[in-house]
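A short worksheet on the structure shown next.
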Amino acid sequence: MPLVTSAEMFRKAYGKYAVGAFNVNNMEIIQGIVAAAREENAPLILQVSAGARKYASHIYLMKLVEAAVEDTGLPICLHLDHGEDFEICMACVDGGFTSVMIDGSKYPFEENIALTRQVVEYAHDRGVVVEAELGRLAGVEDAINVSAADSSYTDPEQAAEFVQRTGCDSLAVAIGTSHGAYKFKGEANLDFKRLETITFLLPGYPLVLHGASTVLPEFVAKCNHYGGEIKDAMGVPEEMLRRAGTMGVCKINIDTDLRLAMTASIREYLALHPADFDPRQYLRPAREAIKNMVQHKIRNVLNSSNQL
Ligand code: G3H
Ligand code: 13P
Ligand code: ZN
């Protein structure tokens, strides 16, 4: 089974459940995620940010994901997360990815359209699908920190025009989520009315929710119990994510929850075994923590078990 695009996954999922898109940076993260998807018989997108590509390098991540496909026989989609220019999208298309995101959300509407259109033409000619973004999420991605004041929700009319003029295959929308562990102050609130209007204007079209970690309190507490100092963290309640998954959101992006699960596990292990210094001893439970987190997401958030 070779790598696949997300086209068929989204067609099947639309309105019923969401496909999990998990960020990967190294072997243990990939193995943990894939083990969970295999056990749950769930569709899977593995996504690589520019930062991950810099950290591990394209070729290592590519080969690790190919190994996962060969090892499990799962139909995995390999996706570039937040491609910021044409060049990185081109490099990932040429380098074997089956899906790329061009994130022109920081540009004015017409510039975002022109850039997205350019990537769509290049990718589609080579059988690769394209995610774009309209509206701007707050929070931290790579070295970019978007303040709440600079964020903006997706305009539904513009979303419909954007999709029609660019030909992009899926669209990331801003309805109140943000990247990282500090998504809301006080009460969590997503603009479901806006999501409903976007879905109404783009019937059957797959939408993407970024910044969709729940920041589960027990993992923050565990990190802090073993020496961490994570304060005022807050994520998207699971019930809101489940609702989004029935409203045209076909792809839900999760990174922060994996980071928290892995870090909590490593902190705990090292605190309880101060004399150990074999990385396998703390990476084995960390990999298991990733697996458990992904399994939890598939069952309780994405509702994507047994959808292969
Ligand atoms: O949206 C950003 C993802 O969480 C990836 O984060 O750019 O630090 O790898 P990163
Ligand atoms: P979180 O930071 O909420 O996990 O979002 C990840 C994301 O959107 C990756 O593109
Ligand atoms: Zn994102």
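In listed order, ligands and their atoms are each counted from 1. Treat the numbers as computed from the prediction; the structure is a model and nothing was measured.
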Next item on the list: With Arg11 as the cation and Tyr14 as the aromatic partner, state whether NZ or CZ is under 6.0 Å from the six-membered ring centre and within 45° of the axis.
Entry: no

Item checked: Part of Ser49 within contact of ligand 2 (heavy atoms, under 4.0 Å) -> neither

Item checked: Proximity to ligand 1 by part of His210, non-hydrogen separation under 4.0 Å -> neither

Check: Of all the atoms in ligand 2, which lie at a distance below 4.0 Å from a heavy atom belonging to Gly211?
Finding: 1 (P), 3 (O), 5 (O), 7 (C), 8 (O)

Notebook entry, point to check: Which of the numbered atoms in ligand 1 are below 4.0 angstrom from a heavy atom of Asp255?
Noted result: 3 (C), 4 (O), 5 (C), 6 (O)

Next item on the list: Using distance alone, decide if ligand 2 has a nitrogen or oxygen within less than 3.5 Å of any nitrogen or oxygen in Asn253.
Entry: yes

Notebook entry, point to check: Backbone N or O of Leu78 within a donor-acceptor pair of the Thr98 side chain at under 3.5 Å?
Noted result: yes

Check: Looking at Phe192, does the NZ or CZ of Arg243 lie under 6.0 angstrom from its six-membered ring centre and within 45 degrees of the ring axis?
Finding: yes

Notebook entry, point to check: If only atom types and distance count, is the side chain of Lys222 paired as donor or acceptor with the main-chain N or O of Glu268 below 3.5 Å?
Noted result: no

Next item on the list: May I have the step-by-step check of side chain to side chain donor-acceptor pair (under 3.5 Å) for Asp276 and Tyr269, ending in yes or no?
Entry: CA-CA 9 Å; Asp276 271 8; Tyr269 186 88; 2.3 Å; yes

Next item on the list: Please confirm whether His82 comes within less than 3.5 Å of ligand 2 when only nitrogen or oxygen atoms on both sides are compared.
Entry: yes

Next item on the list: Measure from atom 2 (C) of ligand 1 to every heavy atom in Val24, Asp81, Asn25, Leu258 and give the option owning the shortest one.
Entry: Asp81

Next item on the list: Measuring from the Zn ion (ligand 3), name the closest N, O or S atom belonging to His210.
Entry: ND1

Note to self: Quick check on side-chain contact (heavy atoms from CB on, under 4.5 Å): which of Asp255, Asp257, Ile254 does Phe22 satisfy it with?
What the structure shows: Ile254

Notebook entry, point to check: Taking NZ, NE, NH1 and NH2 as the nitrogens, is one of them in Arg242 or Glu239 under 4.0 Å from a carboxylate oxygen of the other?
Noted result: no

Margin query: Are His273 and Tyr282 an aromatic pair, judged by ring center distance below 6.0 Å?
Written below: no

Item checked: Per-atom contacts of ligand 2 with Asn23, taking only distances under 4.0 Å to non-hydrogen atoms -> 9 (C)

Check: When you draw lines from the Zn ion (ligand 3) to NE2 of His179 and to NE2 of His82, what angle lies between them, to the nearest 10°?
Finding: 100°

Next item on the list: Please work out whether any backbone atom (N, CA, C, O) or any side-chain heavy atom from C-beta onward of Val236 is under 4.0 Å from ligand 2, and answer side chain, backbone, both or neither.
Entry: neither

Check: Is any side-chain heavy atom of Phe10 less than 4.5 Å from a side-chain heavy atom of Asp169?
Finding: no

Item checked: Identified side-chain contact (heavy atoms from CB on, under 4.5 Å) counterpart of Phe97 within the set Leu3, Val128, Val48, Val65 -> Val48

Note to self: Give me the atom names and distance for the closest heavy-atom approach of Ile290 to Leu258.
What the structure shows: CD1-O, 3.6 Å

Next item on the list: Could you tell me whether Gly180 and ligand 2 have an N or O pair separated by under 3.5 Å?
Entry: yes

Note to self: Can you name the atoms of ligand 2, numbered from 1 with element, that are less than 4.0 Å from a heavy atom of His210?
What the structure shows: 8 (O), 10 (O)

Next item on the list: Check ligand 1 against Ser49 and write out every atom of the ligand that is under 4.0 Å from a heavy-atom position of the residue.
Entry: 5 (C), 7 (O), 9 (O), 10 (P)

Next item on the list: Run the numbers for me: atoms of ligand 1, each under 4.0 Å from some heavy atom of Asn23, listed by number.
Entry: 3 (C), 5 (C)

Item checked: Interfacing atoms of ligand 2 (cut-off 4.0 Å, heavy-atom, His179) -> 2 (O), 5 (O), 6 (C), 7 (C), 8 (O), 10 (O)

Checklist line | Within one Ile-Leu-Val-Met-Phe-Trp-Tyr cluster: Ile252 and Ile29, side-chain cutoff 4.5 Å | finding: yes

Next item on the list: Between Ile254 and ligand 2, find which residue part has any heavy-atom pair under 4.0 Å and reply side chain, backbone, both or neither.
Entry: backbone

Margin query: Measuring from non-hydrogen atoms of Lys183 to any atom of ligand 2, is the shortest distance under 4.0 Å?
Written below: yes

Notebook entry, point to check: Any non-hydrogen atom of Arg259 lying under 4.0 Å from ligand 1?
Noted result: yes

